[in-house]
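As structure tokens, the structure follows; a few thoughts come after it.
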Amino acid sequence: MDLIARLRAGLPGEAILTDPDVTGSYANDMASFCEAGTPAVVVLPRTVEQVQHVMRTATELRVPVVPQGARTGLSGAANASDGCIVLSLVKMDRIIEINPVDRIAVVEPGVVNAVLSRAVNEHGLYYPPDPSSWEQCSIGGNIGTASGGLCCVKYGVTAEYVLGLDVVLADGRLLSCGRRTAKGVAGYDLTRLFVGSEGSLGIVVRAVLALRPEPPQQLALAAEFPSTAAACEAVCEIMARGHAPSLLELMDRTSVRAVNAMAQMGLPDTTEALLLAAFDTPEPAADLAAVGALCTAAGATQVVPAETAAESDLLLQARRLTLTALERVKSATMIDDVCVPRSRLAEMLDGTAAIADKYDLTIGVVAHAGDGNTHPTVCFDAADPDESRRARESFDAIMALGLRLGGTITGEHGVGVLKKEWLARELGPVGLELQRGIKDVFDPLGILNPGKLF
């Protein structure tokens, strides 16, 4: 019996897609410079049992399986391999439970981040992880890549909110790990192992997520600086003084000018860096005043605090428009995701500017400054082979810079195809050997998302 017939034995007809024109549209995520193969079939299960059937079939026939969420990823982790089963989990999109007493939500992997966030808000609760693609990205994808977001400086990343998981293993067995309780230390932390594993260890089919009480509405300020060094000095002072902003973002000159060109926001052309800070504390105005004073002491030429939530949204609009604005600069972009210690942030930004000059490219940088997580965006003409080559080389140079500064090649986007050569450099030979050994335990046949990570 062939692959399609075996799949049909345990799946409804509408869950199996075989038309090449349709299956081809599932071949890749949003990353540039990442090869993608041609899937043999796309399946869209709705139940755990259907996922188990797919994995048992794949194991029996030795067929690779590539799990997918909303395909908003930026590392090629969801890219198909030739002849694979693409296992799209977007139809498993139920919010099973929201429990205000235990402060947990139980969800399927296809639930969209923004849908969950709004649903828990109705109960006076808050799910903090908020990737920039939160209106499209799925919780399963967030778990697979250990996503972050704008609020991570105060609330942390996805990994800190995953309490328990149900996972279908490569051979079709169902593993439940983790807990529903506020505390628990029984055995090895397998739950945390799956978070960020990019579908290489198992298929997440259900997640128990921690929730927090909904915070007060945040207020923001914008501070303009004559240099990135001055802006980064302000970031260090804000964190060293013990402040806990709900958002601390930085835009470099290139990003500011791109946003100005697109949206005519009126930001001065002399601005070399724009720092955005927000607080969701009971007295945010007082916190903003204290941070504003630190910005002024660090050399800010103008500090503009908001007095209302509407004014805050206007101040933060520039940050939200950055990627769209940079995409208008050239026909293609590559978004890097290098995280460094906060104390090395200025060196990272200045080094990236030097790389842009060396390769004669436009590279705009926005950063989750409070985390040291930078997102250099390389703008280039995809139709120009030489410019494309320089773009890829500059991307690698930025990762090398991050490692030299004691950082990591990815803070929240994952490794996928795009950065797997760099993962080996960051881990070292002993770390790489151990991680491959873990992969072999969970996936001895190597059928789960082959060609990713290692």
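Computed from a prediction, not measured in an experiment: that's the story for all the values here. All heavy atoms count here, side chains included; hydrogens, waters and symmetry mates do not.
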Polar side-chain atom of Thr228 near backbone of Leu349 as donor-acceptor pair, under 3.5 Å: no
Ionic contact status for Arg8 with Asp2, cut-off 4.0 Å: no
For Val22, side chain to side chain contact (heavy atoms under 4.5 Å, CB included) partners two or more places apart: Leu17, Asp19, Tyr26
Chi angles and distances behind the side chain to side chain contact (heavy atoms under 4.5 Å, CB included) call for Met251, Val259: CA-CA 10 Å; Met251 299 170 58; Val259 170; 3.9 Å; yes
4.5 Å side-chain heavy-atom contact, Leu201 and Leu448: no
Met30 versus Thr72, closest heavy-atom pair with distance: SD-CA, 3.7 Å
Spatial distance of atom CZ (Phe454) from atom OG (Ser200) [nearest 0.5 Å]: 6.0 Å
Under 3.5 Å donor-acceptor, Asn373 side chain and His368 backbone: no
Cys84 backbone acceptor or donor facing Ser81 side chain under 3.5 Å: no
Plane angle bin for Phe279 and His243 - parallel if under 30°, tilted between 30 and 60°, otherwise perpendicular: perpendicular
Donor-acceptor pair, side chain of Lys154 and main chain of Pro245, under 3.5 angstrom: no
For Ser255 against Leu326, the heavy-atom pair lying closest together: OG-CD1, 4.1 Å
Contacts of type side chain to side chain contact (heavy atoms under 4.5 Å, CB included), residue Ala332, not counting sequence neighbours: Phe380, Ala382
For the student: nearest non-hydrogen atoms of Leu453 and Lys420, plus distance: O-CB, 3.1 Å
Residue pairs passing the side chain to side chain donor-acceptor pair (under 3.5 Å) test where at least one lies in residues 159-188, sequence neighbours excluded: Glu97-Arg180, Tyr161-Arg212, Asp166-Ser176, Asp171-Arg173
Shortest non-hydrogen contact between Glu412 and Gly149, atoms and distance: OE1-N, 3.1 Å
Donor-acceptor contact below 3.5 Å, side chain Thr59 vs main chain Ala170: yes
Crowding at CE, Met262 (>12 non-hydrogen neighbours, <6.0 Å): yes
Thr408: partners by side chain to side chain contact (heavy atoms under 4.5 Å, CB included), with sequence neighbours left out: Cys339, Glu426
Atom pair CZ (Arg257) and CG (Asp252), whose distance is rounded to the nearest 0.5 Å: 10.0 Å
Distance-only side-chain donor-acceptor flag, Gln68 / Ser88, under 3.5 Å: no
Within 6.0 Å of CZ in Arg328, more than 12 heavy atoms from elsewhere: no
Basic-acidic side-chain contact under 4.0 Å: Arg390, Glu393: no
Exam field: side chain Glu387 to backbone Asp381, donor-acceptor pair closer than 3.5 Å: yes
Gap between atom CZ of Phe33 and atom CG of Asp396 - 0.5 Å precision: 10.0 Å
Neighbour count above 12 (heavy atom, 6.0 Å) for Arg56 CZ: yes
Straight-line distance of Asp130 CG to Leu150 CG, nearest 0.5 Å: 5.0 Å
Pairwise distance CE(Met348) to CG(Leu401) - rounded to 0.5 angstrom: 4.5 Å
Flag side-chain contact, heavy atom, 4.5 Å: Val235 against Leu275: yes
Working for side chain to side chain contact (heavy atoms under 4.5 Å, CB included), residues Phe194 and Leu175: CA-CA 11 Å; Phe194 284 108; Leu175 168 69; 3.7 Å; yes
Close side-chain approach of Thr57 and Val63, heavy atoms under 4.5 Å: no
Stepwise side chain to side chain contact (heavy atoms under 4.5 Å, CB included) test for Met399 and Asp336: CA-CA 8 Å; Met399 285 190 285; Asp336 217 326; 3.7 Å; yes
Using a 3.5 Å cut-off and no angle test, enumerate the donor-acceptor pairs between side-chain atoms of residues 108-124 and protein atoms at least two apart in sequence or in another chain.
residue	atom	partner	partner atom	Å
Glu108	OE1	Asp93	N	3.2
Glu108	OE1	Arg94	N	3.0
Glu108	OE2	Arg94	NE	3.2
Glu108	OE2	Arg94	NH2	3.1
Asn113	OD1	Ser117	OG	3.4
Asn113	ND2	Pro129	O	3.2
Asn113	ND2	Asn142	OD1	3.0
Ser117	OG	Asn113	O	3.0
Arg118	NH1	Glu135	OE1	3.4
Arg118	NH2	Glu135	OE1	3.4
Arg118	NH2	Glu135	OE2	2.5
Asn121	ND2	Ser117	O	3.2
Asn121	ND2	Leu125	O	2.9

Stepwise salt bridge (charged side-chain N to carboxylate O under 4.0 Å, His left out) test for Glu198 and Lys452: CA-CA 8 Å; Glu198 301 183 28; Lys452 315 296 168 53; over 6 Å; no
Donor-acceptor pair, side chain of Thr254 and main chain of Gly364, under 3.5 angstrom: no
Trace of the side-chain hydrogen bond (donor to acceptor under 3.5 Å, both in side chains) decision for Tyr126 with Asp280: CA-CA 12 Å; Tyr126 179 43; Asp280 59 5; 5.3 Å; no
NZ (Lys439) with more than 12 external heavy atoms under 6.0 Å: yes
Under 3.5 Å: donor-acceptor pair, side chain of Asp337, backbone of His375: no
OG-NE2 distance between Ser75 and His413, expressed to the nearest 0.5 angstrom: 9.0 Å
Sidechain N-carboxylate O distance under 4.0 Å for Arg436, Asp440: no
Nearest heavy-atom neighbours spanning Leu418 and Cys34: CB-SG, 3.6 Å
Any donor-acceptor N/O pair, Asn449 side chain to Gly199 backbone, under 3.5 Å: no
Trace of the side chain to side chain contact (heavy atoms under 4.5 Å, CB included) decision for Leu209 with Ile104: CA-CA 5 Å; Leu209 305 174; Ile104 61 170; over 6 Å; no
Heavy-atom pair with the smallest gap, counting every atom of Cys232 and Leu250: SG-CD1, 4.2 Å
Pairing residues for Leu427 by the side chain to side chain contact (heavy atoms under 4.5 Å, CB included) criterion, not counting sequence neighbours: Leu423, Leu432, Gln435
Any donor-acceptor N/O pair, Ser147 side chain to Ile143 backbone, under 3.5 Å: no
Check: Phe395 ring centroid to Tyr359 ring centroid under 6.0 Å: no
